[in-house]
Amino acid sequence: MTALITLSHGSRHPGSGGGIRRLTRAAGQLIDAPAFDAHLEFTEPTLPDVAFHLAAAGHREAIVVPLLFTDAFHARHDVPEVVAQAAEHSGLSLHVAPGLGTGDCVAGVLSQRVALDAPADSHVVLYPVGTSDEAAQAALGELGARVAELSGHSVSVVPATGPAGSGGAGVIEAAAGRSAVHLLPLFVTDGLLLDRLREQLPRIAAATGARFTSSPPLTTDLAAVVASRYHSALSLPAV
């Protein structure tokens, strides 16, 4: 069976790796294939390390699923570069699947999370990492609109990083005049940026008068999306 390799950005957060491993294991169980996690930076193992390990164990090919929501710099530059390095380093044929994206499947995962976690009267703040890529920003805006349509809640998209209107300041702006706000992280796993906002929420609640609730990172909620990306890449040419 062709192996699955999930490829995350990586994080300095001590809990990030565990979330990626749980997601990878859950996706592997869905597709009934060996599954391994790899990371672009900060977290080990790297993709070349995993590819070398698989080749040494007798695998000839694997499918790499980038755990990225937007088609921005990491997806267009970092992923192709590290995949080429890994293929050359190991001799393994690597098929690169589409990333997680911001389409209907991810919108569905998010809307299900809203249904489980968000009070009925809450305004939802969709909280992605952020990007300077204008097309990716537009895609995140469209994702927020789709989550609103599916969930029946009003939704604001507030990136963790970027210009004015991001991070805690952006959440304050989105919460103005709201009695209840639900934080919906567009994070695969735990991260420092998400922790930073969580630490600010009591102060934001005091400043705005809003009642805040929040969802955890998506982790294993994304297993079916990863499995779908894996199957879609089976016929793609290898690197």
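Below, each value reflects all heavy atoms present in this structure, side chains not excepted, and no hydrogens, waters or symmetry copies.
- Under the 4.5 Å side-chain heavy-atom criterion for ILVMFWY residues, a single connected hydrophobic cluster contains both Leu194 and Ile204.
- Cluster membership for Ile5 and Leu222, using ILVMFWY side-chain heavy atoms within less than 4.5 angstrom, is not shared.
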(message) Would Leu23 and Leu67 count as a side-chain contact (heavy atoms from CB on, under 4.5 Å) here? Give the steps.
(response) CA-CA 10 Å; Leu23 168 57; Leu67 301 180; 4.1 Å; yes
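- Residue Leu183 is not grouped with residue Val124 when hydrophobic side chains (ILVMFWY) are merged at heavy-atom distances under 4.5 angstrom, including chains of intermediate members.
- The side chain to side chain donor-acceptor pair (under 3.5 Å) search around Arg76 returns Asp133, not counting sequence neighbours.
- The ring-ring contact (aromatic ring centres under 6.0 Å, His included) test applied to His89 returns Phe52, not counting sequence neighbours.
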(message) What verdict does the side-chain contact (heavy atoms from CB on, under 4.5 Å) test give for Thr189 and Ser16, after you've listed the backbone C-alpha separation in whole Å, the side-chain angles of each residue and the deciding distance to 0.1 Å?
(response) CA-CA 5 Å; Thr189 188; Ser16 66; 3.8 Å; yes
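- Sorted by first and then second residue, the ring-ring contact (aromatic ring centres under 6.0 Å, His included) pairs involving residues 179-222 (not counting sequence neighbours) form an empty list.
- For the atom pair CG of Leu54 and OG of Ser90, the computed distance is 8.0 Å after rounding to the nearest 0.5 Å.
- Between Val65 and Leu7 there is no side-chain heavy-atom pair separated by less than 4.5 Å.
- Here the side chains of Leu4 and Pro34 are not in contact, with every heavy-atom distance at 4.5 Å or above.
- The closest side-chain heavy-atom distance from Val109 to Val225 is below 4.5 Å.
- Pairs engaging residues 23-35 under the side chain to side chain donor-acceptor pair (under 3.5 Å) rule: Thr6-Thr24 [sequence neighbours left out].
- Using a 4.5 Å heavy-atom cutoff, the side chains of Tyr127 and Leu197 are in contact.
- Sorted by first and then second residue, the side chain to side chain donor-acceptor pair (under 3.5 Å) pairs involving residues 107-118 (not counting sequence neighbours) are Arg113-Asp117, Arg113-Asp221, Asp117-Ser215.
- Ion pairing between a basic and an acidic side chain is recognised when a charged N comes within 4.0 Å of a carboxylate O; Asp121 and Arg211 show such pairing.
- Between Pro66 and Val96, the shortest heavy-atom distance links the atoms CG-CG1, 4.3 Å.
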(message) Test side-chain contact (heavy atoms from CB on, under 4.5 Å) on Val181 and Thr208; report intermediate values, then the result.
(response) CA-CA 10 Å; Val181 176; Thr208 61; over 6 Å; no
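- Tracing side-chain contacts under 4.5 Å through hydrophobic residues (I, L, V, M, F, W, Y), one reaches Leu140 starting from Val114; they form part of the same cluster.
- Residues that satisfy the side chain to side chain donor-acceptor pair (under 3.5 Å) test with Thr220, not counting sequence neighbours, are absent from this structure.
- Minimum interatomic distance between Ala33 and Met1 (heavy atoms only, all atoms of both residues): CB-CG, 3.4 Å.
- When the side chain to side chain donor-acceptor pair (under 3.5 Å) test is applied to Asp78, the partners found at least two apart in sequence or on another chain are His74.
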For residues 35-44, which side-chain donor-acceptor pairs fall under 3.5 Å, sequence neighbours excluded?
from  : atom 1 : to    : atom 2 : distance (Å)
Asp37 : OD2    : His39 : NE2    : 2.8
His39 : ND1    : Ser8  : OG     : 2.6
Glu41 : OE2    : His9  : NE2    : 2.8
Thr43 : OG1    : Ser11 : N      : 3.1
Thr43 : OG1    : Ser11 : O      : 3.1

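- Between Gly103 and Leu143, the shortest heavy-atom distance links the atoms O-CD1, 4.3 Å.
- The nearest pair of heavy atoms linking Ala75 to Pro80 is O-CD, 3.3 Å.
- Residues Pro48 and Val82 come closest through the heavy atom pair CD-CG2, 3.9 Å.
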Per-pair distances, 0.1 Å, donor-acceptor, side chain in residues 151-160, under 3.5 Å, sequence neighbours excluded:
from   : atom 1 : to     : atom 2 : distance (Å)
Ser151 : OG     : Val147 : O      : 2.7
Ser151 : OG     : His153 : N      : 3.2
His153 : ND1    : Ser122 : O      : 2.8
Ser154 : OG     : His123 : ND1    : 2.6
Ser156 : OG     : His123 : NE2    : 2.7

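- Thr102 contributes atom OG1, which lies 10.0 Å from atom CG of Leu110 (distance to the nearest 0.5 angstrom).
- With sequence neighbours excluded, the residues that form a side chain to side chain donor-acceptor pair (under 3.5 Å) with Glu149 are Arg146.
- Sorted by first and then second residue, the side chain to side chain donor-acceptor pair (under 3.5 Å) pairs with a member in residues 224-239 form an empty list; sequence neighbours excluded.
- To the nearest 0.5 Å, atoms CG (Leu100) and CZ (Phe69) are separated by 5.0 Å.
- Taken together through direct or relayed side-chain contacts under 4.5 Å among Ile, Leu, Val, Met, Phe, Trp and Tyr, Leu150 and Leu186 form parts of separate hydrophobic clusters.
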(request) Run the numbers on Thr161 and Leu193 for side-chain contact (heavy atoms from CB on, under 4.5 Å), then give the verdict. (result) CA-CA 8 Å; Thr161 60; Leu193 290 171; 3.8 Å; yes
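- For residues 57-70, the pairs satisfying side chain to side chain donor-acceptor pair (under 3.5 Å) are Thr2-Glu61, Glu61-His95, with sequence neighbours left out.
- Within a 6.0 Å sphere centred on CD of Glu173, heavy atoms belonging to other residues, nucleotides or ligands number 12 at most.
- The minimum heavy-atom distance linking Ala27 with Val226 is given by the pair CB-CG1, 3.7 Å.
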